[in-house]
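Below is one structure, written out as structure tokens; comments come after it.
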Amino acid sequence: MLYNFIAFIPILLIILLLVFMGKPAKLVMPFAWVVCFILAVFVWGMKTQDAAAYSLLGGFKGVDVLVTIFGAILLLNTLQFSGAMKAISNSLSGVTKDKRIQALIIGWMFSSFIEGAAGFGTPAALAGPLLVGLGFPPLAAAMFALICNSTAVAFGVVGVPTQTLLSCIETNILNSGLPIEIFTVAVTRMVATLHAVAGIFVPLIALCMLTKFFGKEKSIKPALAVAPFALFAGAAFVIPSITMAFLFGPEFPSLVGSLIGMVILIFAAKKGFLMPKDIWDFAAKNEWKDDWKADVKIKEADDKTPSMSVIKAWLPYVIITLILVLTRVPSFGIMPYVKGLIATIPNLFGVEGLNYVMQWAWLPGTVFVFISVITFFMHRLNFKVVRAVFGATFRQIAGAAVAMFFGVALVQLMLNSSINALSLPSMMTVMAMAFAGLFGSYYIVASPFIGVLGAFVSGSNTVSNMLFASMQYESAVILSLPPVLVVSLQAVGGGIGNMICINNIVAACSTVGVKGVEGKLVRRNILPVLIYSAIVILVAVIILATKYDPINLA
């Protein structure tokens, strides 16, 4: 019992400091790692050398993720500084005057695309101001964008959250005797399936919240009036998304699925397919409640920024998609060469056989950085602007870098704490046994909410997966549940938790100019979180009832 409590101390510290004391992740994660290191050495009996080595391995694994974050945000900033993002937003906003349809195109589909292209809090922060510019109450824009930033999150920036999850449970998979490649395919397809079943309803749920809280009628009827188009909008994303997951893996569902969906949705809206006959709008601004409005003036777009064609604006993302397809699809024959370009650091801290291997050419972030540099020339950015782009990017990722390094180091240390002089199971295994004993046969119900909690606490599906993926796997094994299903519920739960995670809410509120409403948004968005979670739990229960093993999805 004592070891059960001690194993939870690092996680409990993270929850206490992040949630209840409001400390930033860049301070909390290093502190939690220090505490975990002390416990691993002095309570679990790990050698200091081993504890340091596995922590360093985790830090290096964090570099892999950070490269992609850096590249994605670098490209996004490049497009913002060049005026390309302005051209993209203008192309999306001129389709219809109906606020419900505008919300679906920008708040749902464009937000999903930004999640696949940049992620890490940028979708709601970008979609919100676009909606405000179209006449949405700032608070309404933030709420809608946050709810919709969920289905695309589990795959996020070219699969980073799911790939991070798989990286964190690699040891667990090997210990179970399962082929990693087969497990990876099965998890990717299971995550896509769970998100697809529930995600198709997200646009309608978000519209119901929008019209209920911000409509003149204070009713969900205006949302239900466009239910056919809202469900079509959901299908327009989730069908291409699940297709990409089944055919090509975790890199493409969000990025390519949303690109395809955006074309479908805009074309359908322009042709009037399933479109409402009436035009719905908000009440006049003088009728808005005070907390709906911006407390600060939102920075307007720079009129001096030169105009750009829509094709030229979208071209960098199109090129990235083509490169990723060419390097990820085995039939093109490029994959082995790209994966073979590696950098290796052997025997970390002198621990024989503990090597860090970076497949630097395989990292999606390398592609993002390369295309960003190409875009500098393609969009004719001068040196001063390029320097500003890099400066903005480094400032944005500074805190994330620290949190990422120590977050993954913490997970690797807890996972490998079984290498000790006392023959104790790892901290992760101890935690899993405690959860298994607490929830027992109802664990499948608790599993997605653990993912939600991780995202709420850390502000990231990726970090949620880092913290809890291994524990979820161990719990599944202990309870004889399909590990593929349980870790997939973790990934999906982390995506759902994005609706209420503090980091995203703060980012969304600040970009639309509202203050002091973060708690209200958390309380309101809990309802769609519960609905989404209930749907995926129902699907999981049906899978268990049929005795189908999701590993067969591979």
(request) Report yes or no: does Ser464 contribute a side-chain atom to a donor-acceptor pair with the main-chain N or O of Gly494 at less than 3.5 Å? (result) no

(request) Check whether more than 12 heavy atoms from other residues, nucleotides or ligands sit under 6.0 Å from atom NZ of Lys312, and answer yes or no. (result) yes

(message) With rounding to the nearest 0.5 angstrom, report the CD1 to CG distance, Ile266 to Leu104.
(response) 12.0 Å

(request) Would you tell me whether Thr164 and Asn465 have side-chain atoms, one donor and one acceptor, within less than 3.5 Å of each other? (result) no

(message) Other residues, nucleotides and ligands only: do more than 12 of their heavy atoms fall within 6.0 Å of CG on Leu322?
(response) yes

(message) The test is side chain to side chain contact (heavy atoms under 4.5 Å, CB included); show your working for Ile319 and Val367 and say whether it passes.
(response) CA-CA 10 Å; Ile319 296 173; Val367 179; over 6 Å; no

(request) Can you see which heavy atom on Met109 is nearest to which on Ala236, and at what distance? (result) CE-CB, 4.0 Å

(request) State which residues pass salt bridge (Lys or Arg N to Asp or Glu O under 4.0 Å) with Asp281; sequence neighbours excluded, sorted by chain then number. (result) Lys99

(request) Go through Thr327 and Phe332 one step at a time and tell me if the side chain to side chain contact (heavy atoms under 4.5 Å, CB included) criterion holds. (result) CA-CA 7 Å; Thr327 55; Phe332 289 111; over 6 Å; no

(message) Rounded at 0.5 Å granularity, tell me how far CZ in Phe213 sits from NZ in Lys520.
(response) 9.5 Å

(request) Among Ile220, Leu207, Leu527, find the residue that satisfies the side-chain contact (heavy atoms from CB on, under 4.5 Å) test when tested with Lys212. (result) Ile220

(request) Could you tell me whether the side chain of Ser258 and the main chain of Leu255 form a donor-acceptor pair under 3.5 Å? (result) yes

(request) Please identify each residue that fulfils side-chain contact (heavy atoms from CB on, under 4.5 Å) with Ile173, with sequence neighbours left out. (result) Ile169, Leu178, Ile180, Phe183, Tyr473

(message) Can you confirm whether Trp292 sits close enough to Lys289 that some side-chain heavy atom of one is under 4.5 Å from a side-chain heavy atom of the other?
(response) yes

(request) Decide yes or no for Pro316 and His379: does some side-chain heavy atom of the first lie under 4.5 Å from some side-chain heavy atom of the second? (result) yes

(message) Ignoring hydrogens, what is the shortest heavy-atom contact between Pro228 and Ala225? Give both atom names and the distance.
(response) CD-O, 4.3 Å

(message) Using a 3.5 Å distance criterion without hydrogens, assess whether the side chain of Asn552 forms a donor-acceptor pair with backbone atoms of Asp549.
(response) yes

(message) Measuring only between side-chain heavy atoms, which start at C-beta, is Glu251 closer than 4.5 Å to Val256?
(response) no

(request) Determine whether more than 12 heavy atoms belonging to other residues, nucleotides or ligands lie under 6.0 Å from atom CZ of Phe449. (result) yes

(message) Name the residue from Phe214, Phe282, Trp288 that meets the ring-ring contact (aromatic ring centres under 6.0 Å, His included) definition with Phe136.
(response) Phe282

(request) Compare all side-chain heavy atoms of Phe368 with those of Leu363 and state whether any distance is below 4.5 angstrom. (result) no

(request) Measure the CG-CG distance between Asn525 and Asn149 for me, rounded to the nearest 0.5 Å. (result) 11.0 Å

(request) Please answer whether the main-chain N or O of Ile444 pairs with a side-chain N or O of Ser447 as donor and acceptor at a distance below 3.5 Å. (result) no

(message) On a heavy-atom basis, which atom in Ala245 and which in Arg189 lie closest, and how many Å separate them?
(response) O-CG, 4.2 Å

(request) Report, as yes or no, whether the 6.0 Å neighbourhood of atom CZ on Phe267 holds more than 12 heavy atoms from other residues, nucleotides or ligands. (result) no

(request) State, with a plain yes or no, whether a side-chain heavy atom of Ile205 is found less than 4.5 Å away from one of Tyr532. (result) no

(message) Could you check whether any side-chain heavy atom of Gln472 comes within less than 4.5 Å of a side-chain heavy atom of Ile450, counting everything from C-beta outward?
(response) yes

(message) Could you check whether Asn498 and Ser150, counting side-chain N and O atoms only, form a donor-acceptor pair closer than 3.5 Å?
(response) no

(request) Please test Leu553 against Val185 for side chain to side chain contact (heavy atoms under 4.5 Å, CB included), starting from the C-alpha separation and ending with a verdict. (result) CA-CA 7 Å; Leu553 282 172; Val185 172; over 6 Å; no

(message) Are His195 and Phe237 an aromatic pair, judged by ring center distance below 6.0 Å?
(response) no

(message) Is it the case that the side chain of Ser167 and the backbone of Gln163 share a donor-acceptor pair, with hydrogens and angles ignored and the cut-off at 3.5 Å?
(response) no

(message) To check you understand the geometry: which heavy-atom pair defines the closest contact between Ile105 and Ala269, and what is its length?
(response) CD1-CB, 4.4 Å

(message) Can you tell me how far apart CZ (Arg524) and CE (Met499) are? Round to the nearest 0.5 Å.
(response) 15.5 Å

(message) For the CG atom of Leu204 and the CE atom of Met209, what is their distance to the nearest 0.5 Å?
(response) 12.5 Å

(message) Is there a side-chain contact between Asn461 and Val160 in this structure, where contact means two heavy atoms from C-beta onward sitting under 4.5 Å apart?
(response) no

(request) Evaluate the side-chain proximity of Pro448 to Ile537: yes if any heavy-atom separation is below 4.5 Å, no if none is. (result) yes

(request) May I ask you to decide if Val226's main-chain N or O and Arg100's side chain share a donor-acceptor pair within less than 3.5 Å? (result) no

(request) Output every pair passing side-chain hydrogen bond (donor to acceptor under 3.5 Å, both in side chains) with a member in residues 215-227, not counting sequence neighbours, ordered by first then second residue. (result) Glu217-Trp280

(request) Please name the pair of heavy atoms, one in Ile551 and one in Val484, separated by the smallest distance, quoted to 0.1 Å. (result) CD1-CG2, 3.7 Å

(message) Could you check, using the six-membered ring where one of them is a Trp, whether Phe273 and Phe232 have ring centers closer than 6.0 angstrom?
(response) yes

(message) Using every non-hydrogen atom in the two residues, find where Ala145 and Ser111 come nearest and quote the distance to one decimal.
(response) O-OG, 4.3 Å

(request) Start with the C-alpha distance between Val486 and Leu479, add both sets of side-chain angles, then the distance that settles side chain to side chain contact (heavy atoms under 4.5 Å, CB included), and finish with yes or no. (result) CA-CA 11 Å; Val486 173; Leu479 293 168; over 6 Å; no

(message) Please report the interatomic distance CG(Asp98) to CD1(Ile279), rounded to the nearest 0.5 Å.
(response) 5.0 Å

